[in-house]
Chemist: 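Structure provided below as structure tokens; questions to follow.
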Number of protein chains: 2
Amino acid sequence: MQEIIAFANSLAEKSGEIIQRYFRTDFEVESKSDLSPVTIADKEVEKTLREMIESAYPQDGILGEEYARKESQSGRTWVVDPIDGTKSFMIGRPTFGTLIALCEDDKPVMGVIDQPILKERWVGTLEQTTMNGKPVKTRKCPSLHDARVCSTTPMMFDNLSDYGRAYHLFEKPPRMAWGGDCYMYGLIASGWMDIAFEQNLSAHDFAALVPVIKGAGGHISDWRGDELTLNSAGKVIAVGDPELWPEVEFMIRKSPF
Amino acid sequence: MQEIIAFANSLAEKSGEIIQRYFRTDFEVESKSDLSPVTIADKEVEKTLREMIESAYPQDGILGEEYARKESQSGRTWVVDPIDGTKSFMIGRPTFGTLIALCEDDKPVMGVIDQPILKERWVGTLEQTTMNGKPVKTRKCPSLHDARVCSTTPMMFDNLSDYGRAYHLFEKPPRMAWGGDCYMYGLIASGWMDIAFEQNLSAHDFAALVPVIKGAGGHISDWRGDELTLNSAGKVIAVGDPELWPEVEFMIRKSPF
């Protein structure tokens with residue numbers, strides 16, 4: 001695993017170099033079918049990281065956001081999201097991140113959340129998570145009322161029912177912030193916030209988050225509590241204090257929406 | 001005005017020193033009647049800035065968030081919000097800011113948005129805005145469809161009608177981000193994003209924003225287009241490109257909500 005972590009760090013170093021060149025500069029924007037902004041930086045990073053992975057581990061699969069999936073011949077798959085939080089990137093706000101995960105079969109076992117402008121990097125295995133090389137732990141949170149909660153956007157929820165469910169859950173704790181992106185999972189790992197709640201994430205959006213949260217001692221799953229794998233549907237909840245999870249699960253189930 | 005700007009910078013330096021000591025540390029949280037988190041840092045900054053203002057300009061009024069208003073004997077009033085974006089502060093996300101404004105009568109004529117962790121500071125007069133000392137300008141945005149839009153939280157809107165109005169407005173531009181705080185107005189002044197749309201702001205939340213946006217060439221007003229003064233109701237919209245304002249105003253008026 002040490003070799004894997006060192007290699008993942010070299011990927012993050014490289015992606016950071018590219019992204020720093022593009023952040024807060026004018027650049028071309030291209031619309032995808034879902035109209036989310038995709039930058040030149042996004043593609044350049046993914047292309048570069050794919051080349052590095054193919055060169056170092058030619059048998060491993062690669063799953064990215066921009067290019068076709070490369071099937072694995074080793075049982076291992078790298079999952080890359082060059083710029084998670086493209087909207088934050090586009091408005092010049094340094095809360096986006098580069099996500100890099102390694103999966104064994106469909107299960108994430110190593111994850112990196114890298115914020116290249118603030119130079120903050122979380123690296124998680126299922127046993128330990130570090131931020132900038134130092135071990136971090138989630139914090140205790142005795143009740144939902146005290147929880148610091150964050151989500152990315154109300155518009156990520158499928159419909160008013162799902163937003164209603166989120167709203168219902170989030171109304172309880174008065175400390176709800178929005179505009180999370182992957183960065184908020186790093187904040188949970190470091191013990192500065194407690195709950196992240198999202199919908200409609202793709203595998204490249206959440207794979208890296210799993211080892212980061214678990215390695216720091218937290219709970220991360222789909223909304224029903226099932227393990228996240230590359231095949232999960234994209235409803236993601238992370239709770240820093242695993243002892244708070246039953247209360248959160250109860251709130252999700254009993255939501256009238 | 002140069003003397004005022006120099007003094008405002010010294011206030012921001014001081015508040016930044018205090019805030020840096022508290023950011024991402026454990027601290028006591030005290031609930032206010034509206035349950036918004038108020039930190040020790042918040043009070044310590046406001047107390048310190050009040051003392052500095054009273055010492056330098058004893059005739060000026062002071063309007064803050066935490067302590068009683070001091071009436072002006074000079075016609076000038078300083079408006080201070082130590083930590084705008086307390087939720088971001090509490091989750092360890094450096095997108096909160098310190099807001100400092102000077103008003104002549106009820107009209108903001110100088111404003112500071114300071115982000116002490118990223119060390120980014122916008123200082124605006126009605127004629128010019130600088131970021132870290134360098135003049136900045138809003139960017140052109142030819143149509144609402146191309147606009148990069150941000151708001152702080154859907155929960156700031158009074159009811160589903162007002163959130164519907166926001167949603168209706170924001171659905172058009174696909175580049176909508178949440179979690180803005182005062183920082184997004186700095187991003188507009190620097191030409192990295194285009195529109196901020198908020199409700200239920202207090203005078204200490206928006207006074208500093210007015211000179212920052214106007215000095216950078218942008219439009220800022222209430223939702224009807226009226227000038228913001230200390231007596232405004234707290235519906236705030238900023239549009240980087242003033243030529244886009246008529247289209248935005250039209251969208252607000254024709255919202256079915």
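In what follows, chains are A, B, ... by sequence order, proteins preceding strands, each numbered from 1.
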Chemist: Evaluate the side-chain proximity of L187(B) to R24(A): yes if any heavy-atom separation is below 4.5 Å, no if none is.
Modeler: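 Answer yes - side chains close enough.
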Chemist: If you measure from the Lys or Arg side-chain nitrogens to the Asp or Glu carboxylate oxygens, is any gap between R93(B) and E120(A) under 4.0 Å?
Modeler: no
Chemist: Please classify the contact between I117(A) and chain B as side chain, backbone, both or neither, with a heavy-atom cut-off of under 4.5 Å.
Modeler: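 Interface part for I117(A): neither.
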Chemist: Which bit of I188(B) is near chain A, if near means a heavy-atom gap under 4.5 Å: side chain, backbone, both or neither?
Modeler: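 For I188(B), no heavy atom lies under 4.5 Å from chain A.
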Chemist: For the side chain of R148(A) and the backbone of K87(B), is there at least one donor-acceptor N/O pair under 3.5 Å apart?
Modeler: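 The answer is no, because no donor-acceptor pair under 3.5 Å joins these two groups.
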Chemist: Quick one: list whatever passes side-chain contact (heavy atoms from CB on, under 4.5 Å) with D241(A), sequence neighbours left out.
Modeler: K140(A), C141(A), E243(A), L244(A)
Chemist: Could you name each residue pair satisfying salt bridge (charged side-chain N to carboxylate O under 4.0 Å, His left out) that touches residues 201-218 of chain A, not counting sequence neighbours?
Modeler: K214(A)-E227(A)
Chemist: If I compare all heavy atoms of P94(B) with all of Y183(A), which pair ends up nearest, and what's the gap?
Modeler: CD-OH, 3.7 Å
Chemist: Any chance you could measure M90(B), atom CE, to C150(A), atom SG, to the nearest 0.5 Å?
Modeler: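 One gets 13.0 Å once the value is rounded to the nearest 0.5 Å.
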Chemist: Within this structure, what is the CZ-CH2 distance for the pair F89(B) and W192(A), rounded to the nearest 0.5 Å?
Modeler: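 So the CZ of F89(B) and the CH2 of W192(A) are separated by 12.0 Å.
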Chemist: For the residue pair D194(B) and I91(A), establish whether any side-chain heavy-atom pair is separated by less than 4.5 Å.
Modeler: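 D194(B) vs I91(A): side chains apart.
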